[in-house]
Amino acid sequence: MATIVGIDLGTTNSLVAYMDGDRPRVIPGKEGRTMVPSIVGFLDNGLVVGDPAREHLVRSPSRTIYSVKRFMGKSVADVAGELSYFPYVLREKGGVIRIQMGDKTYSPPQVSAMILKELKRRAEAHLGEELTRAVVTVPAYFNDSQRQATKDAGLIAGLDVLRILNEPTAASLAYGLQRNARGIIAVYDLGGGTFDISILKLKDGIFEVLATNGNTHLGGDDFDRRMMDAVIRDVRDRHGINVDDDPELMQTIRLEAEQTKRRLSDEPQARMTIPLPEGRGAYERTWSRDEFETLTADLVEQTMAPCRLALKDAGLETGQVDEVVLVGGSTRMPCIRDRVQALFGKTPHCDLNPDEVVALGAAVQAGILAGDNTDMLLLDVTPLSLGIETMGGVMSVVIRRNTTIPASAREMFTTSADGQTSVDIHILQGERELVTDNRSLARFQLKVPPLPAGTPRIEVTFLIDANGILNVTASDIRTGRSQSVQVKSSHGLTDEEVEHMIRDSFRFAEQDVRARQLIEARIEAEAIITATEKALRRGENLIERDEAQAVRHAMDALRAANAGEDHRAIRSKITDVEHITHHLAEVLMDATLKDALENKKLSEVRE
Ligand code: AMP
């Protein structure tokens, strides 16, 4: 059977591992290093990934992409606060971030796919076989769009992603396999860009994730930035150089700060030297570990609240945790080890290489999928609650956060207005009460026969598969009519777009999306035109002549836009028609209600 590899697609570094007999192993590159820096350089003579790209961070910062994982499944608005730290230009197209490189733009899944391809190449060279299947890890806190974006990246790279695995779950697999631990385990994972805490239960070879929490915007990069900010201020004060105007110098400082931080994990003091431009000498400074720890103490402290919350969700006290596992390069910092030990009152485990644990665990999961290790079952949880919008803009939860997946749940809903002919199913993710505070995942409509409010019975079923991908079905119990949707991220790529990209090497992807958006807008416009014509026929003599005229004008404008190629123009005219027919719809509803009441009276008289 062909090998399935396990891939840790990290913010800073990525790794690929496989099962060598019953032992997971990380695959090294030619030069023996196991980590591939998650960096892609777009050079004039081609693309470079990993270590060769790292050099270009300084030489051509605006053509070198790093930390792309931070942008997976996100919009520009989501990352607005961080933009000044990135030397490359981000644009937004159709809700998806695009990274500008010369006259081309790339989506985060496309860039991640370049890193995955490099890992695939490395593994194929090492194993001497073609690889097409993989398990890829993501932070436990990744939402649906980020998971989907990761799957898309795999597809673009020619890898069938059999399973998206939470990073802390992977780490627990790596440890569980080697030590057969039982009891409650806290996995504390501080990587380059994300922080995750997971509370796991290990028993008889079964891993159950009891709770997860974390912060997708906290990691080693933030520690680097603290040091960078201090250096940038110093360089300005001492040398009169504005680093903001010099992307090359900014990158040199970033790399040097990161190296100095690493040295401080082993030594009480570290000296940094940064050459300044135009022969202005060098900036030098000696950092003490104490000084660095004071500067970053609040970052360490920020990891504590998620730990306490996860414990609370799991219904546990700190004293009930049997073992603590450290994952991620940043857990090499002594201040992290000390703080984690103080919180849980236990010496944390760090016997596996914290940079490799996740990839090793992904390989173990790949082994389970390949049937190598069938006596091990893996349970996972959904990190955020999922539900739908109900009356008054409130979210009604269907599947609670921390529910073990795969999972399914169903709820009954009904209509809120008399004569309603369709129900809007708006799928949401989050923990807040109000719809506006949660994340909108998808919307669709279910047609229902016009009946008095509260009469139809609509069953909504949520099904989450093992990858955390959600399928929602709404059925009208009375008519048996049903409608379903696989929840795709609003920011991610569509299946069609991904397939198209694979076929045409990224060339026509955008045209494809635009075409689909146009088709969808046209279908909706046709439906609105038909419905409005019908409403006008029924209600024309119930409204003023001017109003009917205005409705006709709006419909003409929609027809004209519909003949064009611009989906945004069509959408805008659809909104106009909806707006202008609001009153007509109300009038018709009143009339229907009146008829219904009169019929009722008549039947009462007859009785
Ligand atoms: P990961 O995403 O797990 O590879 O973590 C990478 C992060 O760990 C980066 O922010 C690194 O700077 C950081 N890191 C790696 N080694 C050390 C070290 N010895 N001391 C402090 N931070 C480190």
Side-chain angles (χ1 to χ4, degrees), residues 6-17 26 28-29 33-39 50-51 54 57 66-70 72 82 85 112 115 119 136-142 150 166-168 170-171 174 187-198 214-228 251 253-270 272 287-289 291-293 295-297 299-300 302-303 325-340 348 350 352-362:
I7 291 177
D8 171 8
L9 187 58
T11 307
T12 322
N13 293 297
S14 298
L15 301 92
V16 56
V26 177
R33 278 168 48 87
T34 54
M35 293 200 275
V36 174
S38 305
I39 306 172
D51 282 314
R54 179 185 273 272
L57 279 181
Y66 64 93
S67 288
V68 69
K69 188 170 175 180
R70 281 191 180 265
M72 291 288 272
E82 295 167 80
Y85 290 103
S112 294
I115 300 165
L119 296 169
V136 181
T137 60
V138 296
Y141 242 65
F142 256 28
T150 307
N166 286 339
E167 287 160 8
V187 182
Y188 179 105
D189 180 349
L190 191 62
T194 54
F195 168 61
D196 282 317
I197 177 78
S198 290
N215 184 340
T216 49
H217 284 85
L218 185 63
D221 293 354
D222 298 291
F223 288 74
D224 301 348
R225 274 181 208 159
R226 283 292 162 85
M227 197 184 266
M228 275 174 79
Q251 285 306 330
I253 294 175
R254 200 175 81 83
L255 292 178
E256 186 60 21
E258 206 246 347
Q259 288 305 323
T260 309
K261 173 190 78 173
R262 284 178 189 244
R263 288 203 295 277
L264 286 174
S265 292
D266 299 322
E267 295 154 25
Q269 287 199 328
M272 67 169 20
W287 287 85
S288 74
R289 187 189 289 169
E291 203 181 348
F292 179 60
E293 287 183 351
L295 202 62
T296 54
L299 295 176
V300 179
Q302 277 177 43
T303 64
V325 172
L326 296 184
V327 181
S330 300
T331 61
R332 289 198 180 92
M333 287 188 282
C335 55
I336 295 286
R337 297 191 173 181
D338 294 347
R339 191 66 190 91
V340 173
C350 35
L352 291 176
N353 180 335
D355 289 314
E356 295 182 356
V357 177
V358 170
L360 292 172

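Both counts, for ligands and for their atoms, begin at 1 and track the order of listing.
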Give yes or no for whether the N/O distance cutoff of 3.5 Å, strictly under, is met between Arg332 and ligand 1.
yes
Counting only nitrogen or oxygen atoms and a 3.5 angstrom limit, does Gly192 reach ligand 1?
yes
Yes or no on salt bridge (Lys or Arg N to Asp or Glu O under 4.0 Å) for Glu167 and Lys69, after CA distance, side-chain angles and deciding distance?
CA-CA 14 Å; Glu167 287 160 8; Lys69 188 170 175 180; 2.8 Å; yes
Mutual orientation of the aromatic rings belonging to Phe292 and Phe223 [parallel < 30°, tilted 30-60°, perpendicular > 60°]
tilted
Pair Asp51-Arg33, salt bridge (Lys or Arg N to Asp or Glu O under 4.0 Å): steps then yes or no:
CA-CA 10 Å; Asp51 282 314; Arg33 278 168 48 87; 3.2 Å; yes
Is a donor from one side chain sitting under 3.5 angstrom from an acceptor on the other, for Thr303 and Tyr188?
yes
Review item, side-chain donor-acceptor pairs of residues 6-15, under 3.5 Å, at least two apart:
unit_1 : atom_1 : unit_2 : atom_2 : d
Ser14  : OG     : Gly10  : N      : 3.2
Ser14  : OG     : Ser38  : OG     : 2.9

Return the closest protein heavy atom for atom 22 (N) of ligand 1 as residue, atom name and distance.
Lys261 CE, 3.5 Å
Side chain proximity check, Met227 to Leu264, heavy atoms < 4.5 angstrom:
yes
I want to know if ligand 1 touches Ser330 in the polar sense, i.e. an N/O pair below 3.5 angstrom.
yes
Counting heavy atoms under 4.0 Å, the part of Glu258 that contacts ligand 1 is side chain
Any side-chain heavy atom of Ser112 sitting closer than 4.5 Å to one from Met72?
yes
Would you check whether Leu190 has a nitrogen or oxygen atom less than 3.5 angstrom from a nitrogen or oxygen atom of ligand 1?
no
Here the atoms of ligand 1 under 4.0 Å from any heavy atom belonging to Asn13 are 4 (O)
Thinking salt bridges, do Glu256 and Arg262 make one under a 4.0 Å N-O criterion?
no
For Gly328, atoms of ligand 1 separated by under 4.0 Å from a heavy atom
3 (O)
Atom 4 (O) of ligand 1 [closest protein heavy-atom partner, distance rounded to 0.1 Å]:
Asp355 OD1, 3.4 Å
Are Arg332 and Asp266 close enough for a salt bridge, meaning some N to O gap below 4.0 Å?
no
Which residue and heavy atom of the protein sit nearest atom 23 (C) of ligand 1, plus the separation:
Gly329 O, 3.3 Å
Heavy atoms only: which of Glu167, Arg262, Met35 is nearest to atom 15 (C) of ligand 1?
Arg262
Nearest protein heavy atom to atom 21 (C) of ligand 1, by residue and atom, and its distance?
Ser265 OG, 3.2 Å
Can you find a non-hydrogen atom of Thr11 under 4.0 Å from ligand 1?
no
Any atoms of ligand 1 less than 4.0 Å from a non-hydrogen atom of Met333? List them with their elements.
21 (C)
